[in-house]
Amino acid sequence: MRISRTYNRGRAVAAVSLTAVLALTATACGDDGSGGSGGEGSGKGEITLWDNNTGERREIWARIIKDFEKQNPDIKVKYVGLPIDQVQAKYDTAIEGGGLPDVGGVGTAYLSNLVIRDVLEPLDDRIDAGPLKGKLVPALVDSVKAAGGRGDTMYSVPTSTNNGTLWYRTDLFARAGLEPPTTWPAFYAAAGKLTKAGTDQFGYTIRGGAGSIAPAMDAMYGQSGITSFWNGDRTTVNDPRNVAALEKYVALYKKVTPSADVNNDFIKMVAQWDNGTIGMLTHNLASYQDHVKALGEEKFKGLPYPAQENGTRVQVSNPVDGLGLFRNSENKAAAWKLIEFAASHASNSAWNESAGSIPANTDAADDAWIQQAEPTAAAMKALSDGSTKIVNLPYYLPDWNTISKSGNEPDFQKVLLGDMSAKEFADKIAKELNEAQAEWNEQTKS
């Protein structure tokens with residue numbers, strides 16, 4: 001199998017710029033990722049876990065590992081914490097020089113880069129043969145399969161995700177006599193009614209700075225109702241229905257939003273909403289505690305993104321975090337026990353309560369902390385009960401991060417400012433995506 005030229009370019013840049021910081025020693029049971037298949041082992045002994053976000057998760061992992069070792073006294077877990085912004089380069093360095101772990105945190109944003117290099121074990125048979133069968137949120141399973149880039153094969157056990165959320169000020173809605181904005185028509189109507197010309201009171205804050213493409217795509221697919229990112233090998237991004245939806249969305253700028261929004265990333269946008277008199281904000285569940293601290297629990301609520309008038313809700317996928325079993329491990333039996341334990345009801349619920357994320361284990365839906373966090377409960381219900389259609393973004397494409405972020409965010413600002421049409425913007429992204437998909441298809445031919 002050949003490796004994508006685009007992938008190699010990105011990998012080379014990361015390796016050159018971070019080699020001095022990320023040089024690895026052989027910390028895992030396996031030696032490298034060069035294709036060795038490892039072995040099941042005795043199910044005892046030491047295994048190595050790489051945590052892909054140690055800054056936020058070290059303490060909860062320590063708790064889970066302690067519980068796991070108590071239940072499995074013949075297994076010892078060596079914890080290696082990685083800063084979230086160094087994970088991909090760390091894996092790259094280990095693949096080239098040796099030292100991959102037995103188990104590692106793997107997000108969908110870089111899952112395919114590991115799959116294409118054959119360093120991850122397929123997990124479908126292991127899941128079907130154990131207690132996780134039927135216990136993983138189907139939407140997250142679908143996202144993991146799509147991100148792997150190899151059809152229906154799973155290379156990661158999903159553990160958590162976030163969800164796009166429409167936050168709204170309950171006090172401002174009550175004062176204006178408005179109902180919760182559960183549909184797109186209600187959202188647009190509320191945005192207009194909550195805006196007071198000549199004041200700092202606006203109905204909505206739109207994300208125009210870094211990270212603007214994903215919420216724009218949510219607005220496009222959410223309104224158009226298109227449920228697939230691809231029609232064959234051509235993207236649906238520039239489908240006329242999506243273009244029309246984008247035109248309506250960007251028309252909100254400066255009419256019902258602050259003019260500063262054109263430059264606002266999520267930090268500025270969230271701070272602006274928390275400190276001002278803006279009616280609505282679209283951002284994920286991660287900002288919940290910021291809102292509680294700024295406003296108190298009585299002045300705001302969060303809903304899944306609006307549905308169409310017929311009740312259909314369509315959202316683009318959020319990155320899904322998970323755990324991968326590395327092929328080079330010489331003790332896959334013990335490593336798999338750790339993955340099953342971490343993804344079990346109790347551990348997965350505790351892990352996500354700590355992280356403020358949505359659990360992947362369906363049994364966690366009724367846990368007390370989920371029910372007390374109303375926005376999280378609503379998001380998990382929407383993902384679990386089939387009422388929400390997920391448009392899986394092509395995380396497997398090596399060019400996806402560039403196309404969906406730095407490569408087109410300046411153009412989205414042009415659209416907001418009226419210097420570029422919504423159609424021109426959508427056509428440009430579609431052209432880049434179609435080319436990236438064609439290259440992926442060519443380079444991954446067996």
Side-chain angles (χ1 to χ4, degrees), residues 163-168 181-195 202-227 229 235-266 268-270 272-273 278-284 302-310 312-318 388-391 393 403-405 408-430 433:
N163 200 58
T165 302
L166 176 61
W167 302 103
Y168 69 101
T182 56
T183 66
W184 283 103
F187 162 79
Y188 282 107
K193 190 167 184 179
L194 291 169
T195 301
F202 298 95
Y204 181 60
T205 175
I206 196 169
R207 188 167 180 171
S212 60
I213 305 298
M217 285 191 176
D218 254 321
M220 294 163 68
Y221 284 93
Q223 294 176 83
S224 72
I226 297 171
T227 57
F229 196 81
T235 182
T236 56
V237 164
N238 61 338
D239 183 287
R241 293 168 291 175
N242 273 337
V243 172
L246 180 60
E247 289 171 344
K248 190 170 185 179
Y249 177 69
V250 298
L252 295 171
Y253 177 62
K254 288 177 62 173
K255 293 181 180 178
V256 299
T257 79
S259 59
D261 280 356
V262 69
N263 293 312
N264 282 352
D265 59 12
F266 85 93
K268 294 176 182 176
M269 186 178 63
V270 168
Q272 179 177 263
W273 191 73
I278 299 173
M280 295 178 290
L281 160 75
T282 46
H283 188 251
N284 60 47
L303 297 167
Y305 277 166
Q308 297 178 317
E309 285 189 282
N310 63 6
T312 301
R313 179 180 290 106
V314 179
Q315 294 179 196
V316 300
S317 58
N318 278 267
T388 299
K389 307 299 182 184
I390 302 297
V391 178
L393 299 177
I403 293 171
S404 64
K405 294 179 181 178
N408 283 293
E409 286 169 350
D411 287 332
F412 184 72
Q413 291 178 315
K414 292 179 182 179
V415 177
L416 291 176
L417 295 170
D419 297 330
M420 186 178 196
S421 72
K423 185 177 187 306
E424 290 171 333
F425 175 77
D427 284 344
K428 177 177 181 290
I429 290 182
L433 285 166

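As the structure is a prediction and not an experimental result, all values here were calculated from the model.
Ionic pairing of Lys268 and Asp265 is not present here: no N-O contact between side-chain nitrogen and carboxylate oxygen is shorter than 4.0 angstrom.
Summarising the geometry of Leu194 relative to Gly279, their closest heavy-atom pair is CD1-CA, 3.9 Å, with the distance given to 0.1 Å. Across every non-hydrogen atom of Pro304 and Arg313, the tightest pair is CB-NE, 3.6 Å. Minimum interatomic distance between Thr205 and Ile278 (heavy atoms only, all atoms of both residues): N-CG2, 3.7 Å. Minimum heavy-atom separation, Pro181 to Pro306: O-CG, 4.1 Å. Among all heavy-atom pairs drawn from Tyr249 and Ala216, the shortest one is CE2-CA, 3.9 Å. Counting all heavy atoms, side chain and backbone alike, Tyr204 lies closest to Pro258 at O-CD, 3.5 Å.
The side-chain hydrogen bond (donor to acceptor under 3.5 Å, both in side chains) with Asp261 is formed by just one residue from the set Gln413, Arg207, Gln272; it is Gln272.
At least one side-chain heavy atom of Asp411 sits under 4.5 Å from a side-chain heavy atom of Lys414. Side-chain atoms of Gln308 and Thr183, non-hydrogen and from C-beta on, never get closer than 4.5 Å to each other. Residues Leu281 and Tyr168 have side chains not in contact (no heavy-atom distance under 4.5 Å, counting atoms from C-beta outward). Two residues are said to be in side-chain contact when any heavy atoms from C-beta on lie closer than 4.5 Å; Trp167 and Met280 fail this criterion. Annotation: side chain of Ile226 is not in contact with side chain of Val391 (no heavy-atom distance under 4.5 Å). For the pair Ile213/Phe425, a side-chain contact is recorded, criterion being any heavy-atom separation below 4.5 Å from C-beta on. Inter-residue side-chain proximity for Phe202 and Thr195 is flagged as met; some heavy-atom pair is nearer than 4.5 Å. When side chains are defined from C-beta on, Phe187 counts as touching Leu252, because their heavy atoms get closer than 4.5 Å.
Without hydrogens or angle criteria, Glu424 side chain to Met420 main chain gives no donor-acceptor distance under 3.5 Å. Distance alone, capped at 3.5 Å, places no donor-acceptor pair between the Asn284 side chain and the Gly164 backbone. Between the Ser224 side chain and the Met220 main chain, a donor and an acceptor come within less than 3.5 Å of each other. Side-chain atoms of Thr282 do not come within 3.5 Å of backbone N or O of Leu166 as any donor-acceptor pair. Using modelled atom types, one side-chain atom of Asn408 and one backbone atom of Ile403 make a donor-acceptor pair closer than 3.5 Å. Within the 3.5 Å criterion, the main-chain N or O of Pro185 finds no donor-acceptor partner in the side chain of Glu309.
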- [ ] Test Leu303 against Thr165 for side chain to side chain contact (heavy atoms under 4.5 Å, CB included), laying out the working first.
- [x] CA-CA 6 Å; Leu303 297 167; Thr165 302; 5.7 Å; no

- [ ] Evaluate the side chain to side chain contact (heavy atoms under 4.5 Å, CB included) criterion for residues Val314 and Thr388: first the C-alpha distance (whole Å), next the side-chain angles of each, then the deciding distance (0.1 Å), finally the verdict.
- [x] CA-CA 6 Å; Val314 179; Thr388 299; over 6 Å; no

Open item on the list: Go through it in stages, so that I can follow the logic: the residues are Gln223 and Tyr305, the test is side chain to side chain donor-acceptor pair (under 3.5 Å), and I'd like the CA-CA distance, side-chain angles, deciding distance and then a yes or no.
Closed with: CA-CA 10 Å; Gln223 294 176 83; Tyr305 277 166; over 6 Å; no

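There is no side-chain donor-acceptor pair under 3.5 Å between Asn238 and Lys423. Donor-acceptor pairing under 3.5 Å is recorded for the side chains of Thr236 and Tyr221.
Considering OG of Ser317 and CG of Leu393, their distance stands at 3.5 Å, rounded to 0.5 Å. Between the NE2 atom of His283 and the CH2 atom of Trp273 there is a distance of 12.0 Å, given to the nearest 0.5 Å. Taking CG from Asp427 and OG from Ser421, the interatomic distance works out to 7.5 Å, rounded to the nearest 0.5 Å.
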